[in-house]
Q: 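Please see the structure below; I have some questions.
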Amino acid sequence: MLNIDTRLLDLLPEIGSDAFVILLLIAKRINKENTAFPSRRLLQKESGVGRDKVDKCLKILKEVGLLSCTQRCLDGKFSTNLYTIETDLIKIFVPLKQFKLNDTENPYTE
């Protein structure tokens with residue numbers, strides 16, 4: 001699960017809703033090091049925008065400092081992009097107690 005600080009919403013006018021969605025799609029795959037490597041094709045499919053728009057959104061996110069990107073190589077050939085979330089406004093949330101999402105009880109109380 002992700003924990004998203006509401007101050008991230010203050011950046012929406014600056015980055016736009018498409019870039020915000022792309023950021024969240026990357027963020028939902030981050031590991032403990034705040035890195036993920038979804039393909040552009042996957043980002044296109046899940047966001048519903050085209051390749052050029054995904055590229056534009058990634059550029060915007062890098063320019064404002066929310067995201068960095070490193071090209072990964074495998075056997076000397078380009079493999080995938082490794083994206084790093086560069087903000088403390090998005091974190092991985094790990095609940096102390098497991099619960100089912102369809103439970104009617106509040107999972108945070110006994």
Q: Side chains of Leu9 and Phe20: does their closest heavy-atom pair fall under 4.5 Å?
A: yes
Q: Which pair of non-hydrogen atoms, one from Ile92 and one from Ile30, has the smallest distance, and what is that distance?
A: CD1-O, 3.6 Å
Q: State the CD1-CD1 distance between Ile60 and Ile22, to the nearest 0.5 angstrom.
A: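 CD1 of Ile22 is found 10.5 Å from CD1 of Ile60.
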Q: If only atom types and distance count, is the side chain of Thr87 paired as donor or acceptor with the main-chain N or O of Leu89 below 3.5 Å?
A: yes
Q: When you look at Lys91 and Leu2, which way does the side-chain contact (heavy atoms from CB on, under 4.5 Å) test go after all the steps?
A: CA-CA 6 Å; Lys91 292 287 185 186; Leu2 290 176; over 6 Å; no
Q: Work out which heavy atom in Cys57 is nearest to a heavy atom in Ala19; give both atom names and the distance.
A: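 Scanning both residues, the minimum pair turns out to be SG-N, 3.5 Å.
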Q: Would you call Thr70 and Asn81 a side-chain contact if the rule is heavy atoms closer than 4.5 Å?
A: no
Q: With side-chain contact (heavy atoms from CB on, under 4.5 Å) as the criterion, how do Val49 and Val54 come out once you've worked through the C-alpha distance, each side chain's angles and the decisive distance to 0.1 Å?
A: CA-CA 7 Å; Val49 300; Val54 168; 3.6 Å; yes
Q: Between Glu46 and Arg41, does any NZ, NE, NH1 or NH2 come within less than 4.0 Å of an OD or OE carboxylate oxygen?
A: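 Salt bridge flag = no for Glu46 with Arg41.
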Q: Atom CG of Asn3 and atom CG of Asp88: how far apart are they, to the nearest 0.5 Å?
A: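 The CG atom of Asp88 is 11.5 Å from CG of Asn3, to the nearest 0.5 Å.
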Q: Under 4.0 Å between a side-chain nitrogen and a carboxylate oxygen: does that hold for Arg7 and Asp5?
A: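 A salt bridge links Arg7 with Asp5.
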Q: Side chains of Leu25 and Ser47, heavy atoms from C-beta outward: is any pair under 4.5 Å?
A: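 Yes - at least one pair of side-chain heavy atoms lies under 4.5 Å apart.
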Q: Quick check on the hydrophobic clustering: are Leu43 and Ile15 connected, directly or via other members, by side-chain heavy-atom contacts under 4.5 Å?
A: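 Yes, one cluster joins them.
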Q: Within a strict 4.5 Å, meaning less than it, do heavy atoms of the Cys69 and Lys62 side chains meet?
A: yes
Q: List the steps, then state whether side-chain contact (heavy atoms from CB on, under 4.5 Å) holds for Ile26 with Leu58.
A: CA-CA 10 Å; Ile26 293 169; Leu58 291 171; 3.8 Å; yes
Q: How long is the gap from CD on Glu86 to OG1 on Thr35, to the nearest 0.5 Å?
A: 10.5 Å
Q: Working to the nearest 0.5 angstrom, can you tell me the gap between Thr80 OG1 and Arg40 CZ?
A: 11.0 Å
Q: When you compare the side chain of Asn34 with that of Ile90, does any pair of heavy atoms fall below 4.5 Å?
A: no
Q: Do Ile85 and Val64 sit in the same hydrophobic cluster, where Ile, Leu, Val, Met, Phe, Trp and Tyr count as joined when their side-chain heavy atoms come under 4.5 Å apart?
A: yes
Q: Does a side-chain heavy-atom distance below 4.5 Å link Tyr83 with Pro38?
A: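 Tyr83 reaches Pro38 side chain to side chain.
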Q: Can you name the closest pair of heavy atoms from Arg72 and Leu82 and give their distance?
A: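 Closest pair (atom of Arg72, atom of Leu82, distance): CD-CB, 3.4 Å.
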Q: Quick check: do Lys77 and Asp75 have side-chain heavy atoms less than 4.5 Å from each other?
A: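 The answer is no; the side chains never approach within 4.5 Å.
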Q: Among residues at least two apart in sequence or on other chains, which ones pass side-chain contact (heavy atoms from CB on, under 4.5 Å) with Leu11?
A: Leu8, Glu14, Leu66
